[in-house]
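The block underneath contains the structure these notes are about, expressed in structure tokens.
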Number of protein chains: 2
Amino acid sequence: MTRSEENYIKTIFHLGRQGMEAVSTNAIAELMETKPSSVTDMIKKLSEKDLVNYKRYQGVSLTDLGTQTALGIVRKHRLWEVFLVEKLDFSWDEIHDIAEQLEHIKSDKLIDRLDKLLDYPKFDPHGDPIPDKNGDFKERDRKLLSEVEIGTKGVCVGVKDSSASFLKFLDRNHIALGHQIEVLEIEEFDGSLNISINQNNMQISHQIASNLYIKINEQ
Amino acid sequence: MTRSEENYIKTIFHLGRQGMEAVSTNAIAELMETKPSSVTDMIKKLSEKDLVNYKRYQGVSLTDLGTQTALGIVRKHRLWEVFLVEKLDFSWDEIHDIAEQLEHIKSDKLIDRLDKLLDYPKFDPHGDPIPDKNGDFKERDRKLLSEVEIGTKGVCVGVKDSSASFLKFLDRNHIALGHQIEVLEIEEFDGSLNISINQNNMQISHQIASNLYIKINEQ
DNA sequence: ACAAATTTTTAGCTTTGCCTAAATTATTAT
DNA sequence: ATAATAATTTAGGCAAAGCTAAAAATTTGT
Ligand SMILES: [Mn+2]
Ligand SMILES: [Mn+2]
Ligand SMILES: [Mn+2]
Ligand SMILES: [Mn+2]
């Protein structure tokens, strides 16, 4: 598989996660910053190789083979992200672009040894699950902070938006994975929240809350 | 720079090391397993970018810019090789092909952090020197085992041929970097040597001796 | 139901990096 | 010195992966 084919497969995988229907040509083009006509060309090629199901004008979805392929790439991307943070002291906002390159390195042995070096991590630095050798992973039971009710207590376990600008914002405001969060108040007017995080009280916009995942504490 | 451009630059660098004259089109083509006409095409492009000096039919050599570029790629290649051996327990015959991929990853910060993680190694697993951040490195004072006289004592510090088949041969015969070697006899007839290595006596062909570097012991 | 708007595909073109075959230049041998 | 040989370059083409513009199919709004 070429690098470009791998990038398309990965994009279709990510778009296919939310919303269970077939993925649209335009959605792929937008996420990949390319043109719809280019997407159509590539989809045909992927279809030839039995990586996607495709009928003209009907959108596209991954086959089982395509899904396995995607999981392999996602596994590599996330393991390299862990490596960059754990072994090379990168911060979570610097790693995505480098992992975009590293995810295309071809060597099963390499990735399995890396997995071992990192002690078989289950989640990447943004809280996303890492598929194992066989493509299996458990999606963590988590909710967007914007969708829980007043009084909810939980721990911050992930981000939905993992752009550098959002991650840097979280750093500046001392919001990090693993922190305890309690929702104290929800403002009717603009949906902003008053929360306590790590013992500190702060006000965050709906926008922020809708990009933070928490795991609600068992009581 | 594209991956292909980087590979050409690196090849010209390696060919330029031995023999100080300009590198020939055919030599490049052979080493890269491509056709001379393709080489000519690429050389023109590299010449446009001031990475090589080129006059039709006169061969090619790296400019200062080209040399710096090559040193950067070689640095990455060799640091990744050290990583694979030191951190992921690969053997020295498995690492070259993976490093061929990793050497093209673009991130200065990544490579400097890797350098630090590995504690700034000076040589790669095959005994080749690793250029530092600025492209500086010291060529170790070493000689081919086939070119020293009877009675010479030294330590094995590198291999000339680093193909997997040669390296595996060395493993099978318990020849490794760091081992003490003494030349006991040289057979006139076929140039084979009787040596002691790590206290053991063995007979090695001229072919083998001409691919092993030793550093002669100070006396 | 049908026109308008949107989405998707097709057609044709570009660049990169490679190829083969033919032409050119340099080198070697007589 | 010239002919043969070898090395190198040029010419012309191909496949991958992108693009723009135009055509076709689908979806939406009235
Ligand atoms: Mn990422
Ligand atoms: Mn991530
Ligand atoms: Mn190597
Ligand atoms: Mn090496």
Side-chain angles (χ1 to χ4, degrees), chain A residues 1-13 15-16 18-62 66 69-70 73 100-101 103-104 106, chain B residues 1-16 18-62 66 69-70 73 100-101 103-106:
Chain A
M1 281 195 76
T2 67
R3 171 173 302 231
S4 188
E5 286 171 342
E6 289 188 345
N7 283 331
Y8 275 96
I9 289 294
K10 194 180 49 146
T11 300
I12 295 166
F13 175 81
L15 286 170
Q18 54 262 38
M20 228 42 242
E21 320 107 49
V23 173
S24 83
T25 301
N26 273 4
I28 299 169
E30 187 172 8
L31 204 58
M32 297 192 65
E33 299 180 68
T34 183
K35 302 293 165 179
S37 55
S38 307
V39 174
T40 302
D41 284 348
M42 181 57 87
I43 283 175
K44 286 178 183 166
K45 200 163 73 148
L46 297 176
S47 179
E48 281 303 307
K49 297 191 177 189
D50 269 316
L51 292 160
V52 300
N53 306 115
Y54 172 60
K55 276 203 296 250
R56 281 160 77 253
Y57 293 101
Q58 300 305 133
V60 72
S61 64
L62 294 179
T69 305
I73 303 164
E100 286 289 304
Q101 300 180 63
E103 74 189 3
H104 300 290
K106 280 165 185 61
Chain B
M1 281 194 77
T2 68
R3 171 173 302 228
S4 188
E5 286 171 342
E6 289 188 345
N7 283 331
Y8 275 95
I9 290 293
K10 193 179 50 146
T11 300
I12 295 166
F13 175 81
H14 286 311
L15 286 170
Q18 53 261 40
M20 229 39 244
E21 319 106 49
V23 173
S24 83
T25 300
N26 275 2
I28 298 168
E30 186 172 7
L31 204 59
M32 297 191 66
E33 298 181 68
T34 183
K35 302 293 165 180
S37 55
S38 306
V39 174
T40 302
D41 283 348
M42 182 57 87
I43 283 174
K44 286 177 182 166
K45 200 163 72 147
L46 296 176
S47 178
E48 281 303 307
K49 296 191 177 188
D50 270 315
L51 291 160
V52 300
N53 306 115
Y54 172 62
K55 275 204 297 249
R56 283 160 79 250
Y57 293 99
Q58 300 305 132
V60 72
S61 64
L62 294 180
T69 305
I73 302 165
E100 285 290 303
Q101 299 180 64
E103 73 188 4
H104 300 291
I105 301 293
K106 281 167 185 58

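Small disclaimer: the values here were computed from a predicted structure and weren't measured. By convention in this document, chain letters (A, B, ...) are assigned in the order of the sequence lines, proteins followed by strands, and residues within each chain are numbered from 1.
In this structure the side chain of B:Val39 reaches within 4.5 angstrom of the side chain of B:Tyr8, judged on heavy atoms. No side-chain heavy atom of A:Val52 sits under 4.5 Å from any side-chain heavy atom of A:Val23.
Note: CD (B:Gln58) to C1' (C:dA26) measures 9 Å, nearest angstrom. For B:Ile43 and C:dT16, the CD1 to C1' distance is 17 Å, given to the nearest whole Å. Rounded to a whole Å, the CE atom of A:Met32 is 15 Å from the C1' atom of D:dC19. Counting to the nearest Å, the C1' atom of C:dT8 and the CE atom of A:Met42 are 17 Å from each other. The distance between atom CD of B:Glu33 and atom C1' of C:dC18, rounded to the nearest whole Å, is 14 Å. The distance between atom NZ of B:Lys49 and atom C1' of C:dT16, rounded to the nearest whole Å, is 11 Å. Between the CG atom of A:Asp41 and the C1' atom of C:dA11 there is a distance of 10 Å, rounded to whole Å. Regarding A:Glu48, its CD atom lies at a distance of 15 Å from the C1' atom of D:dA15, rounded to whole Å.
Remark: the B:Tyr57 side chain and the C:dT24 base include a donor-acceptor N/O pair separated by less than 3.5 Å.
Taking side-chain N and O atoms only, B:Arg56 has no distance below 4.0 Å to OP1 or OP2 of D:dA7. OP1 or OP2 of D:dT8 lies within a sub-4.0 Å distance of a side-chain N or O belonging to B:Asn26. The shortest distance between the side-chain N/O atoms of A:Ser37 and the OP1/OP2 oxygens of C:dT8 is not below 4.0 Å. Not one side-chain nitrogen or oxygen of B:Thr40 sits closer than 4.0 Å to the OP1 or OP2 atom of D:dT10. Taking only side-chain nitrogens and oxygens, B:Lys35 never comes nearer than 4.0 Å to OP1 or OP2 of C:dA21. Between C:dT10 and A:Lys44, a contact under 4.0 Å exists linking OP1 or OP2 to a side-chain N or O. For the pair A:Tyr54 and C:dT8, the criterion of a side-chain N or O lying under 4.0 Å from OP1 or OP2 is not met.
Mapped onto DNA chain D by nearest heavy atom, A:Tyr8 and B:Gly59 fall at different nucleotides, with B:Gly59 at the one closer to the 5' end.
Within the 4.0 angstrom heavy-atom criterion, only backbone atoms of the sugar-phosphate kind lie near B:Ser4; the bases stay farther away. Within the 4.0 angstrom heavy-atom criterion, base atoms lie near A:Ser38.
Here the CD-CZ distance, from A:Glu103 to A:Arg3, works out to 8.5 Å after rounding to the nearest 0.5 Å.
In the displayed structure, A:Glu30 atom CD is contacted under 6.0 Å by at most 12 heavy atoms of other residues, nucleotides or ligands.
Remark: side-chain polar atoms of B:Thr11 are paired, donor with acceptor, to backbone N or O of B:Asn7 under 3.5 angstrom.
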